[in-house]
Amino acid sequence: MKPAEGQPRKVIPITPVGAESSQTEVISLYEAQKKIYPRSISGVFARWRWAMVFLTQLVFYGLPWLEWGQRQMVLFDLGARRFYIFGLVLYPQDFIYLTGLLIISALSLFLFTAVAGRLWCGFSCPQTVYTEMFMWIEHKVEGDRSARMRLDNGPWTFEKIWKKSVKQAIWIAVAFWTGFTFVGYFVPIRELGGELLALQGGWQIFWVIFYGLATYGNAGFLREQVCKYMCPYARFQSAMFDRDTLVVSYDPERGEPRGPRNKTVDHKAAGLGDCIDCTLCVQVCPTGIDIRNGLQYECIGCGLCVDACNTVMDKMKYPRGLIRFSTQNGVKNHWTQSQMLKRVLRPRVLFYSAVLVVLCIGMLASLVVRTPLKVDIVRDRAALSRIVAGGKLENIYRLQIMNATEGAQRYTISAHGMEGLEVASETAIDIGPAESRWVVVRLQIPYGSASPGSHTVYFDIQAQGDKAQVAEKSVFLVPR
Ligand code: SF4
Ligand code: SF4
């Protein structure tokens, strides 16, 4: 059986045909990882990548520090079981919104992949973004591609030790701050900072170190291996591609036969294509592939090889676009950009778009009309039904009333569904902003007014001075 690509493979003893059986040759099918030293390049796509790094990291590092009234603007407070997103206060009972958000994210990924391949991977994926940041630090401390290669291959001199130490120190600081920020979405970030400084909060410290280490390992060392071997999206994306998906493509018809040439020579007359075989496109590739070999699953669609090749084409005074974002049909049929764009609106894209629009509208509408009040009812199992003073039959319930607004609320509790049914306990309950309270509610009916068995009753919880109202069903038990 063929082992999965990228997995360590067994060492297989092979006896060459015609050789003595005692002369066995051991061939390892495992290829050791070669470190990639991407060359930096400037160009349209390199600038877009940096713009996305700034944008995503501005949001990621900045958001937990913003306040909304008296609280953190975005906080997923798992301990208190409250999720604050701008003006929204969500409870675990609102899990449906998270489900909706995940479905919308997955569908968006399908849609963008069908239209423009791995744009997410190349420009917004945290793995790409942090790798880009860590490589930038490496570049600034250790120098450009050839300087880094020289440094790694050279002996451990003082220069090498201090450069490596400075790089590691900055990497660790960035990784730690990233872990701290991430945990700050789940624990109020200012409190978290205080706890860390005082070395309190064992779990918080653990998670900060855990996510810090994950960032350090993934962006500093594993890098393209995460995309190649660990990310499931890289594996199933080919199922979402078709011949009209925009991907980074090399035009072999135009580029081949490749080869070096003198700038002054008419290369076409010399039987050469436009590729001068400078390998710049390979040197800039963060996953270390040669796009001239065709579409490969390792390609994250970052477009850096497009920038690199366009630079070469400019120098050679050839038209740009030997490597370009194009579709397989576009390259094969020599389509113009507008011809390719016309193929964007194909059935699968229309289907994904329609479902996405319906889901977004549905989710938005449901958020707008959402009642900022939640109620859970639990029957008191210790005393199912009892006769109390005044000849009444009583059932006891525990109600959890959750105030999903930013202000204190007074709620009134009433009940209906049976003749003579009344609330015998407190009917007005005060609950603070974004808080919840368990209250014991006693329902009573006149003894003998209902037949034995279970009867459906409804609790009506109404916010005073507000339209928020919830009716919850339960049962009232009448013993024989
Ligand atoms: S082949 Fe080009 S687009 Fe693909 S990962 Fe390498 S540099 Fe990026
Ligand atoms: S950068 Fe362009 S010209 Fe240079 S090897 Fe790559 S495809 Fe050929």
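Only a predicted model underlies this, so the values are computations on that prediction, with no experimental measurement involved. Both ligands and their constituent atoms are indexed starting at 1 by order of listing.
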Ranking Ile289, Ile300, Leu295, Ile41 by closest non-hydrogen atom to atom 1 (S) of ligand 1, top hit is Ile289
In terms of relative ring orientation, are Trp171 and Tyr216 parallel, tilted or perpendicular, with 30° and 60° separating the classes? perpendicular
Nearest non-hydrogen protein atom, atom 6 (Fe) of ligand 1: Cys285 SG, 2.3 Å
Under 3.5 Å, side chain of Arg49 to main-chain N/O of Gly303, donor-acceptor pair present? no
Indicate whether the side chain of Gln168 and that of Ser165 have a donor and an acceptor atom separated by less than 3.5 Å. no
Side chains of Thr264 and Asn262: is there a donor and an acceptor less than 3.5 Å apart? yes
Cys305 heavy atoms within 4.0 Å reach ligand 1 at atoms 1 (S), 2 (Fe), 3 (S), 7 (S)
Any donor-acceptor pair under 3.5 Å linking the side chain of Gln400 with the backbone of Lys374? no
Atoms in ligand 1 flagged as close to Gly303, the criterion being non-hydrogen separation under 4.0 Å: 3 (S), 8 (Fe)
Short list, please: which atoms of ligand 1 are under 4.0 Å from a heavy atom of Ile291? 1 (S)
Under a plain distance cut-off of 3.5 Å, with no hydrogens placed, do Thr245 and Asp242 share a side-chain donor-acceptor pair? yes
I'd like to know if the side chain of Asp77 reaches the main chain of Arg82, judged simply by a donor and an acceptor atom lying under 3.5 Å from each other, with no hydrogens or angles considered. no
Identity and separation of the nearest protein heavy atom to atom 8 (Fe) of ligand 1: Cys302 SG, 2.3 Å
Thr287 heavy atoms within 4.0 Å reach ligand 1 at atoms 5 (S)
Side-chain donor or acceptor of Thr371 paired with backbone N/O of Ala468 under 3.5 Å: no
The salt bridge (charged side-chain N to carboxylate O under 4.0 Å, His left out) partners of Asp307 (sequence neighbours excluded) come to none
For atom 4 (Fe) of ligand 1, grab the closest protein heavy atom and report residue, atom and distance to one decimal in Å. Cys299 SG, 2.4 Å
Near atom 8 (Fe) of ligand 2, which protein N/O/S atoms fall under 2.8 Å? Cys275 SG
With a 3.5 Å distance limit and no angle check, can you tell me whether Gln72 reaches the backbone of Ile189 through a side-chain donor-acceptor pair? yes
